[in-house]
Amino acid sequence: MPEGLLNIEVDGRAVQVPHGATVMDAANKLGVYVPHFCYHKKLSIAANCRMCLVQVEKAPKPLPACATPATEGMKVWTHSEQAVGAQKGVMEFLLINHPLDCPICDQGGECQLQDLAVGYGASASRYDEPKRVVFHKNLGPLISAEEMTRCIHCTRCVRFGQEIAGVMELGMAGRGEHAEIMAFVGSTVDSELSGNMIDLCPVGALTSKPFRYAARTWELARRKSIAPHDSLGSNLIVQVKGPRVMRVLPLENEAVNECWLSDRDRFSYEGLDSEDRLTAPMVNDGGTWREVDWQTALERVADGLAGVVAQHGGSALGVLASPQSTLEELALAARLARALGSENVDYRLRRCDVTADGDGARWLGMTVPDIASYDRILVVGSFLRGDQPLFAHRIRQAAKKGSRVLKLAPVDDDWLMPIAARAIVPPSQMATTLAEICVAAAEAAGVPAPAATADIAAAPGPAARAIGRELAAGTRRCVLLGALAEQHPEASQLHALAQALADLTGATLGFLRDGANAVGADLAGARPRGAGLPAHAMLSDPRRAYVVLHAEAEFDFASPPVARAAFERADLVVVLSPWRTGTAYADVLLPVAPFTETSGTFVSGEGRVQSFRAVVAPKGQARPGWKVLRVLGTMLRLPGFDADSSEAVRDSVLPADVAARLDNRTPVAIAARTAQEAGVERAADVPAYFSDSLVRRSPPLQQTRDAQPPLARMHRSLLEGLGLVEGAQVRVRQGRGEAVVKAVADAAVPPGVVRLAAAHASTCGLDGLTGPIRVERA
Amino acid sequence: MNAPSEFLDYGPDAVLMAGLTGRNWRLADYVQRGGYDALKRILSERIPPEQVVAEVKKSSLRGRGGAGFPTGLKWSFMPRNFPGEKYVVCNSDEGEPGTFKDRDILRYNPHALIEGMIIGGYAMGCARGYNYIHGEIWDVYERCEEALREAREAGFLGKDILGSGFSFELFNHHGYGAYICGEETALLESIEGKKGQPRFKPPFPASFGLYGKPTTINNTETFASVPWIIRNGGEWFANLGRPNNGGTKIFSVSGDVARPGNYELRLGTPFATLLELAGGVRGGRRLKAVIPGGSSMPVLPADVMMATDMDYDSIAKAGSMLGSGAVIVMDETRCMVKCLLRLSYFYYEESCGQCTPCREGTGWLWRVVDRIEHGKGRPEDLDLLNSVADNIQGRTICALGDAAAMPVRAFIKHFRDEFRHHIDHGRCVVAPYQ
């Protein structure tokens, strides 16, 4: 690419653009609007709508601004007679077969075609022939394609699938007037990013199925918020009508979610009005639940907690909070525990080995956009697309531009991007394999491997060698530990080994944190100090009383049966939740607000502090969690509960320099390893739409392919070795629990591993996300 | 395949098609006619590629597929020192209504094309070529496969051709019959296994073509002319025709003539000569109109046509284009509305649907012409047709939009009264025009 800038003139105004820029780029730079439909800054150039035709000096005919390269000295007119004539001609063509159903179209009011027709369309049509009708399509529970006659064939949705989502689920079939957008025969659109196609569609062809006919867009207020599901911290526009959240759209933030949203962030709001919303405090009187007023409920909680502490000491209390909770809730929950003399407070509910956690907050190790700058990206233990749908897209874009993605995982799930090298090993082998990668990388770089790793892995296998070679060959490397690596029984060893590998190769070490606010929870002190017990120990060594914030025993814990048993044995279990949940083990249910009804703060994986306000009023008697905890602290006459705003709570815990608290180093040493006995192991993912209490209640998300009941996925050899056929029911035993599920062969799962998802009712009897299991015919 | 002998009479000026009987298509026959001499000479004398290109430039050979772009100039656009693969592609996707010349070359003289493509590959530094054959001609595809087999066996294709160190491989690719795949970038997409839709240009194939590599695409007749240029020299070829219109050209004459068929004439031959060669207007009727260059080109009335010579520049001066050389002759009994209806339906049917003006406009044109033909025309329809055609022409990704628009404008321009009559009376002018 030649250096220097090109001088071009648009509508008589001079502008400089780099080589390779288009006329559209130049116009955008000047703030000149050129009408368009198919052009989108994040997608490839199609130049098919022809709406952006402009006049170019010396060109015999109008040229599309989106696809015409700027050249030195070029003169362009975007609103000349020729340009506007061409644009109006195109607009007429777009409208002749477009139905005049704006009054009942969901896109009405936010429709690019409607808007541009005002400027470029005629008031009456010259087209008097029969209009085209396009048959509707079923694209699944999220995207409505009921009115494909509205489609103007811009192919943005097609290009989004190919270029951003990484999978082409829509295409344009047929020719000429018969061309239509459709999915493969009998298929739906199942990408975890599919909802963006709704935003991209410039007309009302692809609309939101959950939002369909629910409101007119101009009736909706737009309020900013932050997505509460993954650690990316996507910026949201929550659209509300009166007391209800009607729709969620992306708030563009190039540094975070760009202009995209994952389907989880976009459609989880549908769970807000779930039937089991808790709208009043409830108490359990000898097995009977009844609604009470706040005073009664809080007195019961305060008396109960004071009683347990008085009788059994502070350490008899355990506080367990979901990493979906806000910084303010976590800060006050931790403060409550400590003020009552307990260090037993934790948010790391799905983890069982937390010994490597240092004092700081583990984080991404980089900014989100910075991932593009790495040419070698090793991801260890992550179900990337489910765990981090949009960060996966960032990695996919990096891979497209030449970054080489490396993978160490127990399951070779399809990330829809090229993987340069992969090691797919059972969970129990992951630490050894990571050590092998260290040795291989050291060999390839011609430096000595850390002694501890060499002891473990004398002779690396071919997969580890390939990854090691790749890392050594790179110039800018990173090692990212995913949720599965953190939830692993040997998480501290994986951390130590990843750190050794990062030190050896000069790589950045990062964590793909589970939950929206894991970093915030660390900063809020929602972790035990000193002799305090981490979550798994609080449960395996049961406490007398528990305060549970936003979490559900069956779905949010490493071992649901252990959690459940501990809660059932306890004298007092207080559940703070937006849902009527835990009625089998709780004594008091306190209705707290979901993220839309409270102010609060999430700190994203990259350490970005994002505060938000309530977008609607709390439902019924529900109250923001931080307020409930504040009142509780006040009733118990504890110090530190006098903040009168969530901002005051936030400011009381958030360090002035958040970055200084982000730290991925661990003091844990690499330990010697003994050979593991061979057996069948479980590898559990937490599917995207089971990941927290809100998404689990979103009906459209629960209807998606990704939310289907878990299957025991295993290698065909294992399936056949068990004498099973595809689709047979199997009994899976793990620890004291068992689950009966369907078995299927899956070439992505290595022999000796069964992939069986967690956080679902059918598998919540199983004891741990990984570990030995027994599988037999049911 | 055994055509009657008069079918192979391409006229007294025939060069490419001279001496063909319909059965002498094999390699041995071609060699006997002097075939592969040009290639052998280039390779044995190690004529530099630049010199081959210069010779083609000197010949004034212009693209025979329709646009008439100077072939030597096109060849010189190929980046000479590009690292990696480059391709030559032959566009044998002959789908333009009225055009049926390339299939005769492929059928009766396939080695002329093969030799031309090998020379093209040599001149442009390509090691690989594709011949994209229209999807509806199976026997031709099979014959071309057989011809390729012969050429490979004889050592004209493959590694180290004739011990020269030059390697070239050629493949036939059978299309599926879509007209749009004759558009060169749609053709490339189709070879790549994608839906045949034109690409936006720039970039042009010479820099970003097949599989993203520099590619030159020429018509069958263009490549097949190259051996004669090399054998007899560019100047000889140029002198067959007129300045800037070198060589002979095969004209596919169809419609109301006594002897429809392919005729190879020196460029610049008067249309009257061609008409006479084709036996004149059938049944002694009067000539009414001629489309001189395939269905995409503007129609010309009889008097204009009779005063015109058949070469690129003369026909352009007369208000149309030589195009692919498909001469569609219409006599006094032809209804011009019905003729246009047939053409408009074709473009409506063959539009790929990618870009708006063509996708929406071709159907509009067809429906309005259809109404007029069926007695439901309105006075304002002719202006509407012109306006819709204006809005398509020059606004589309590829030339199909222009091809759909140009006939409409020309038919209305030259035969407006006939259209008016249809609109006013609900039926056509049966009486002769004039």
Side-chain angles (χ1 to χ4, degrees), chain A residues 20 22 36-38 44-53 59-64 66-69 71 82-83 85-98 113 125-132 151-155 158 162 168 171-181, chain B residues 176-181 186 194-203 345-371 376-378 380-381 383-385 387-402 404-405:
Chain A
T22 63
H36 59 267
F37 296 105
C38 70
S44 65
I45 301 295
N48 61 31
C49 79
R50 318 306 283 179
M51 192 64 206
C52 67
L53 290 172
K61 53 189 187 182
L63 298 176
C66 70
T68 303
T71 53
Q82 190 204 54
Q87 291 156 6
K88 285 186 168 175
V90 171
M91 174 55 76
E92 180 178 40
F93 285 134
L94 286 170
L95 291 177
I96 62 171
N97 277 307
H98 190 82
L113 187 65
S125 176
R126 297 193 292 169
Y127 185 75
D128 205 13
E129 321 302 323
K131 281 193 162 198
R132 173 173 62 222
C151 175
I152 58 166
H153 307 83
C154 69
T155 67
V158 177
Q162 291 170 315
M168 185 179 174
M172 194 163 86
R175 292 190 309 169
E177 245 183 42
H178 308 291
E180 49 187 284
I181 299 294
Chain B
Y176 226 84
Y179 173 64
I180 193 62
C181 290
K194 299 172 188 159
K195 189 177 179 184
Q197 287 187 335
R199 299 174 182 168
F200 180 79
K201 288 141 292 215
Y345 182 76
F346 175 79
Y347 291 106
Y348 159 66
E349 184 63 31
E350 294 292 347
S351 168
C352 82
Q354 185 183 197
C355 69
T356 307
C358 178
R359 179 184 64 242
E360 308 293 344
T362 51
W364 194 353
L365 291 176
W366 164 62
R367 288 189 175 87
V368 174
V369 178
D370 188 68
R371 266 201 295 105
K376 291 178 180 157
R378 301 172 196 138
E380 65 272 22
D381 277 349
D383 291 341
L384 177 66
L385 282 173
S387 160
V388 173
D390 281 347
N391 282 344
I392 299 174
Q393 200 172 340
R395 312 272 170 89
T396 50
I397 289 177
C398 78
L400 195 144
D402 299 349

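Order of the sequence lines fixes the chain letters, A, B, ..., with proteins taken first and strands second; residue numbering starts at 1 for each chain. Everything numeric in this text was worked out from a predicted model, so none of it was measured.
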Any sub-3.5 Å donor-acceptor pair from B:Arg395's side-chain atoms to A:Pro62's backbone N or O?
-> no

With no hydrogens and no angle check, is any side-chain donor or acceptor of B:Lys195 less than 3.5 Å from a backbone partner on A:Met172?
-> yes

Which atoms of B:Gln197 approach chain A - backbone, side chain, both or neither, heavy atom under 4.5 Å = side chain

Part of B:Arg371 lying under 4.5 Å from any heavy atom of chain A | side chain

Greatest number of heavy atom pairs closer than 4.5 Å to chain A - which of B:Gly394, B:Pro357, B:Gly363 | B:Pro357

Hey, does B:Ser351 have a side-chain heavy atom less than 4.5 Å from the side chain of A:Glu177?
-> no

If you round to the nearest 0.5 Å, how far is CZ of A:Arg175 from OH of B:Tyr348?
-> 11.5 Å

From CG (B:Asn391) to NZ (A:Lys88), nearest 0.5 Å | 11.5 Å

Is B:Arg378 paired with A:Asp128 through a side-chain N to carboxylate O contact shorter than 4.0 Å?
-> yes

Those residues that, when tested against B:Trp364, pass ring pair (Phe, Tyr, Trp, His ring centres under 6.0 Å) (two or more places apart) = A:Tyr127

Acceptor/donor pairs from residues 90-97 of chain A side chains to any protein atom, 3.5 angstrom cut, sequence neighbours excluded:
residue, atom, partner, partner atom, Å
A:Glu92, OE1, A:Arg126, NH2, 2.9
A:Glu92, OE2, A:Arg126, NE, 2.8
A:Glu92, OE2, A:Arg126, NH2, 3.4
A:Asn97, OD1, A:Arg132, N, 2.9
A:Asn97, ND2, B:Glu360, OE1, 2.7

Check the surroundings of atom NZ in B:Lys376: do more than 12 heavy atoms from other residues, nucleotides or ligands lie under 6.0 Å from it?
-> no

Closest approach of B:Arg367 and A:Pro130, non-hydrogen atoms and distance?
-> CD-CD, 4.1 Å

Which one, A:Arg50, A:Lys61, A:His178, A:His153, leads in non-hydrogen pairs under 4.5 Å with chain B?
-> A:Arg50

